[in-house]
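Below, chains carry the letters A, B, ... as their sequence lines are ordered, and counting in each starts from 1.
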Amino acid sequence: MKVLTCPVNGPRSIDEFVYGGEVREMPNPAAAGDAEWADYVWCRQGEPGVRREWWYHVPSGTWFVAERDTERDDVLRTYLWGQA
Amino acid sequence: MPFRLLKFGLSRNYPEPRMFRSPERLRDSYDVVIIGGGAHGLAAAYYLATEHGIRDVAVLERRYIGHGGTGRNTAIIRSNYLTEEGARFYEFSVDLYRDLARRLDYNLFYSQRGHFTLAHSAAALRTQRWRAAVNRHLGIDSEVVGREFIARTIPEIDLDCGGHQPPIEGALYHPPGAIARHDAVAWAYARGADRAGAEIHQQTAVTGIEVAGGKVAGVHTDRGFIATGKVLSAVAGWTPQVTRMVGLRTPLVVHPLQALVTEPFKPWLDAIVVSASLHTYISQSARGELVAGASLDPYELTAMRSTLEFAEGLAGHMLDLFPCLADVRVLRQWGGLADMTPDFSPIMGTTHVGGFYLDAGWGTWGFKASPASGYTMAHTVAKETDHPLIEAFNLSRFHRFDLVGEKGAASVGH
């Protein structure tokens with residue numbers, strides 16, 4: 001069983017979590033051009049490597065950030081947004 | 001034959017002809033370099049040579065042919081898709097498959113079985129009526145059938161799923177649905193391409209792509225540099241690594257997709273059975289094994305590993321449908337990479353990098369498309385313009401917000 005550490009609830013089974021995709025920065029919608037906006041909406045990193053991701057602990061309703069190696073499936077650390 | 005086999009066994013130098021040559025030397029230049037020796041890349045090499053007379057082609061494969069998605073899928077072939085663009089494309093592929101064993105002179109174990117997509121809810125039935133209507137409009141054999149028809153055609157199925165799942169209310173029935181031996185498709189295309197003049201280089205990794213003035217100039221490999229004006233990337237789950245080499249961004253995200261086979265037994269399941277609600281698809285191969293797959297793993301990962309959770313979950317859903325399998329053992333399980341697009345359609349055709357052609361976004365639906373993908377990409381590379389059947393699948397559709405939504409037909413994970 002794979003275990004993920006929720007920053008609020010500690011180590012829990014991966015079954016309790018939902019994956020929320022990579023952490024991305026939204027460009028200013030008022031200032032961004034069409035190409036930049038389309039890139040933000042659709043394009044993703046895709047390549048394996050260490051990346052920051054959103055995860056959600058379902059029973060407690062906690063969104064948090066995990067740094068994970070998407071080639072080895074190793075979670076390096078997890079923290080609440082803004083508390084890195 | 002036994003005498004020939006005996007002679008072969010006693011021989012010292014194994015004189016049996018190989019399926020294709022293994023050229024020792026990588027040349028300095030080729031007209032076209034194809035990255036990826038799966039069914040798509042090999043088919044493209046075959047059609048480039050046979051349909052367009054372009055024989056100066058190198059297929060570069062980092063491992064061995066068919067190592068990726070080609071040898072890891074569940075080998076289902078069908079065309080009952082949801083959009084006109086999708087259904088037309090996959091129907092062309094089914095057409096090519098029907099005649100492929102004869103054309104390539106190789107037994108692909110192509111076997112038409114009939115394909116059932118089970119509906120466990122009124123909402124699922126509604127999507128299936130939609131699919132049937134689109135399919136019939138395009139001349140594709142597809143209809144919605146009721147419980148009686150399913151029970152008559154697949155007598156072993158438990159339509160009420162033992163009370164563990166919502167009962168089956170009907171199904172989308174697609175008689176042309178078929179299975180084939182996926183390795184044989186790769187081998188046959190490899191042999192065809194090789195005989196037509198293309199070179200297949202296994203154990204050759206691409207490490208970079210040279211772009212000069214917005215156009216492809218060559219490919220760096222771990223065996224040296226190749227000058228070429230045209231590169232076709234047909235690497236599915238490894239596409240993001242290749243598109244980075246030419247500075248292209250794509251919407252692809254890579255998830256593992258797992259499958260398993262059971263021990264072989266006597267033929268009893270003729271149909272291909274799919275349940276979207278149970279995230280399960282099952283067919284019986286020519287060897288007698290049940291081949292079954294599930295939905296995507298729930299988070300991104302570029303690793304072809306398989307998990308106990310998957311085998312446990314899939315076995316449970318198989319028993320919901322077929323309680324008679326309770327004593328059957330799992331023989332082996334594996335994982336492959338699915339490069340998923342947001343609209344569940346592939347990304348094919350020209351790109352804004354001159355001479356760089358993309359055949360990607362094959363997610364969970366790539367095997368059935370192999371012949372059509374090879375055929376249309378060969379056309380695209382030769383004519384330097386998208387084949388009419390794949391215009392809707394160009395990477396630029398995302399910048400135009402003009403997607404081809406196939407989620408209701410391409411995948412079981414919804």
Legend entry - Proximity breakdown for D39(A) and chain B, heavy-atom pairs closer than 4.5 Å: both
Legend entry - Proximal component of R305(B), with respect to chain A [non-hydrogen, under 4.5 Å]: side chain
Legend entry - Pairs flagged by ring pair (Phe, Tyr, Trp, His ring centres under 6.0 Å) wherever residues 65-84 of chain A is involved - sequence neighbours left out: W54(A)-W81(A)
Legend entry - Interface residues of residues 233-248 of chain B facing chain A - non-hydrogen atoms under 4.5 Å apart: P240(B), Q241(B), R244(B)
Legend entry - ring pair (Phe, Tyr, Trp, His ring centres under 6.0 Å) partners of residues 297-321 of chain B, not counting sequence neighbours, each pair once: W55(A)-Y299(B)
Inset, instruction - State, with a plain yes or no, whether a side-chain heavy atom of E300(B) is found less than 4.5 Å away from one of R51(A). - result: yes
Inset, instruction - Can you measure from CG (L252(B)) to CD (Q45(A)) and round to the nearest 0.5 angstrom? - result: 12.5 Å
Legend entry - pair P342(B)-W42(A): side-chain heavy atoms closer than 4.5 Å: yes
Legend entry - NZ/NE/NH1/NH2 to OD/OE distance under 4.0 Å, E309(B) and K2(A): no
Legend entry - Results of salt bridge (charged side-chain N to carboxylate O under 4.0 Å, His left out) for E210(B) - residues two or more places apart only: none
Inset, instruction - Please flag which part of L301(B) lies under 4.5 Å from any non-hydrogen atom of chain A: side chain, backbone, both or neither. - result: both
Legend entry - Greater than 12 external heavy atoms within 6.0 Å of R400(B)'s CZ: yes
Legend entry - Closest-packed option against chain A by number of heavy-atom pairs under 4.5 Å, given L308(B), T307(B), D339(B), L403(B): L403(B)
Inset, instruction - Measure across V254(B) and G46(A) and return the closest heavy-atom pair with its distance rounded to 0.1 Å. - result: CG2-O, 4.1 Å
Inset, instruction - Considering non-hydrogen atoms only, spot the tightest contact between A35(A) and H399(B) and give its length. - result: O-CE1, 3.5 Å
